[in-house]
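First comes the structure, then the notes that go with it.
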Amino acid sequence: MGEYDSKFYDLILASLCGMATEEQQQQLAEMLENDPALRTEYLNYISIYTILSRRGGASVFVEEMDDSALDMSVWKALARQELEAETVVLEETEEVPRIPIKVVKAERQPRQINKFSLYSAIISVAAVLVLILVLQMNPVRPAVAYLTDSVHAEWVNVKQAPTVGQVFRQDDVLTLTRGIAKIAFDNGAVVIVEAPAVFEMESDKSMFVSRGKVSALVSEYATGFTVNTPSASIVDLGTEFGVSVEGDGVCSLHMFKGKASLIAGKDDQKKTSLLVTENMARRVSINTGAVKNIPLSENSFIRRVDSASGLVWRGENMDMADVVGGGTGFGSGRQHRGIDPSTGMVTEYLVRITERPGQTGYFEVPNYPFVDGVFIPDRSDKPAVVSSEGDVFVECPDTNGAF
């Protein structure tokens, strides 16, 4: 429990005595929800409190205490004084005759109980016990991934459509009927799901794909990320790959970079394990678990997506003329549009000139998501500024300043 020890017990005691504020009750509920160890400790505390609070037992009181009473320096000073003080010798005196004392037994008075405080304590204890029971019957599932981007995504069987930043928890089963979803797992793997797809979040290191296409980009820090399917499991070894699961459960693996371990076969079939490396592709039969070589399909999987710029990349070569035309490099740019390198301004017409003198300096290009700016190397051998961040090309060669 660490640093929350004192605060945790203070919140319990305040709740049991009916003195907890609404904020304190919320804090206690959150602590119990997020930590199974605290829930166990709370049950032990309730048991002890219940025993001590029975009729004839001890009573628990909460009251203000002067801070000086808790100052250990005061107690240490008193102890030191006791050790260093001079011995006091008492003179002997005549024995005083003892007078018998009559013992009078006082009649025991019933303790007065504040009914309001009692009812508040009972209600508080009952409420927290119900909360603990609910948490134990329905434990909070750990968060394993979150949605980082999506393009025209439509989901079914969810109370509310996931938005960017949405947390996915262990055992969540998701159905994407349209569009694209980009998901980052807590271990560092990034997966792009293309509809139609049905998949389950198994853990922060694995997912189960029942149907659909997914591409995974797994860094060296996320090695071991696993994509399970009805007919096979793909265990990453530092890779970029695509997995396709057809409606009948047949699985296809396409390795774009790196390598992965393919474990073919259902639970009731004999397992086959093999290493699949870059530019290789394999298909696994759902009926037999047999593995077959197939051609690599580099452009069948969405490997990069950016909703802000409209980028959806399937591995195609990028067309720089399309980028200069305001596109993403894959056919979305406009023809006959260009950028004037001497000003950075976008122009809708291009004039063919044999040679035109340029201006010195770096010019940013507004509203172009994939173009930061333009520049023309000048006539000197000085370093040329080549970005809006002030980066320079130190060895930029001398030119005539024309384009």
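As the structure is a computational prediction, the values presented were derived from the model and not from experiment.
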Task: Ion pair Arg304/Glu240, N-O distance below 4.0 Å - done: yes
If I take atom [atom1] from residue [X] and atom [atom2] from residue [Y], how far apart are they, to the nearest 0.5 angstrom?
| X | Y | atom1 | atom2 | result |
| --- | --- | --- | --- | --- |
| Tyr368 | Ile339 | OH | CD1 | 5.0 Å |
| Asp171 | Met201 | CG | CE | 11.5 Å |
| Leu174 | Phe168 | CG | CZ | 5.0 Å |
| Phe199 | Asp172 | CZ | CG | 9.5 Å |
| Asn157 | Thr175 | CG | OG1 | 5.0 Å |
| Phe208 | Thr229 | CZ | OG1 | 6.5 Å |

Locate the shortest heavy-atom distance separating [X] from [Y]; write the atom from each residue and the value.
| X | Y | value |
| --- | --- | --- |
| Gly165 | Tyr146 | O-CB, 4.3 Å |
| Phe256 | Ser297 | CE2-O, 3.9 Å |
| Ser231 | Ile286 | CB-CD1, 3.7 Å |
| Arg334 | Arg337 | NH1-NH2, 2.8 Å |
| Met255 | Thr239 | CE-CG2, 3.6 Å |
| Pro230 | Val245 | CD-CG1, 4.0 Å |

Look only at the side chain of [X] and the backbone of [Y], and say whether a donor-acceptor pair between them is shorter than 3.5 Å.
| X | Y | result |
| --- | --- | --- |
| Asp35 | Met31 | no |
| Thr148 | Ala184 | no |
| Lys213 | Ser300 | yes |
| His254 | Gly242 | no |
| Thr288 | Ala290 | yes |
| Thr226 | Gly224 | yes |
| Asp391 | Val386 | no |
| Arg141 | Gln170 | yes |

[X] vs [Y] side-chain heavy atoms within contact, under 4.5 Å:
| X | Y | result |
| --- | --- | --- |
| Val144 | Met207 | no |
| Ser285 | Lys292 | no |
| Val371 | Val324 | no |
| Ile376 | Phe363 | no |
| Ile234 | Cys251 | yes |
| Leu237 | Leu275 | yes |
| Val190 | Phe225 | no |
| Phe301 | Val214 | no |

Open item on the list: What I want to check is whether the side chains of Glu22 and Gln26 have a donor and an acceptor closer together than 3.5 Å.
Closed with: no
Open item on the list: Show me the pairs that pass salt bridge (Lys or Arg N to Asp or Glu O under 4.0 Å) and involve residues 219-236, at least two apart or across chains.
Closed with: none
TODO: Please list all pairs passing the salt bridge (Lys or Arg N to Asp or Glu O under 4.0 Å) test where one or both residues lie in residues 145-156, with sequence neighbours left out.
DONE: Glu154-Arg178
With side-chain hydrogen bond (donor to acceptor under 3.5 Å, both in side chains) as the rule and sequence neighbours excluded, what pairs involving [range] come up?
| range | value |
| --- | --- |
| residues 244-253 | Glu246-Arg283 |
| residues 265-279 | none |
| residues 192-208 | Glu194-Arg314, Glu202-Ser206, Glu202-Asn228, Ser203-Ser206 |

Task: Audit row: Phe185, Val191, side-chain contact (heavy atoms from CB on, under 4.5 Å) steps and yes/no - done: CA-CA 8 Å; Phe185 283 77; Val191 172; 3.9 Å; yes
TODO: Tell me, please, which residues at least two apart from Tyr362 pass side-chain hydrogen bond (donor to acceptor under 3.5 Å, both in side chains).
DONE: Asp372
- [ ] Applying side-chain contact (heavy atoms from CB on, under 4.5 Å), run through Asn34 and Val140 and close with a yes or a no.
- [x] CA-CA 8 Å; Asn34 296 327; Val140 177; 5.6 Å; no
Open item on the list: Are there over 12 heavy-atom neighbours, none belonging to Met318, within less than 6.0 Å of that residue's CE?
Closed with: yes
Open item on the list: side-chain contact (heavy atoms from CB on, under 4.5 Å) for Arg282 and Asn293? Distances and angles first, verdict last.
Closed with: CA-CA 5 Å; Arg282 299 290 183 268; Asn293 295 350; 2.8 Å; yes
TODO: List the steps and the verdict of side-chain contact (heavy atoms from CB on, under 4.5 Å) for Val284 and Leu262.
DONE: CA-CA 9 Å; Val284 182; Leu262 173 63; 4.1 Å; yes
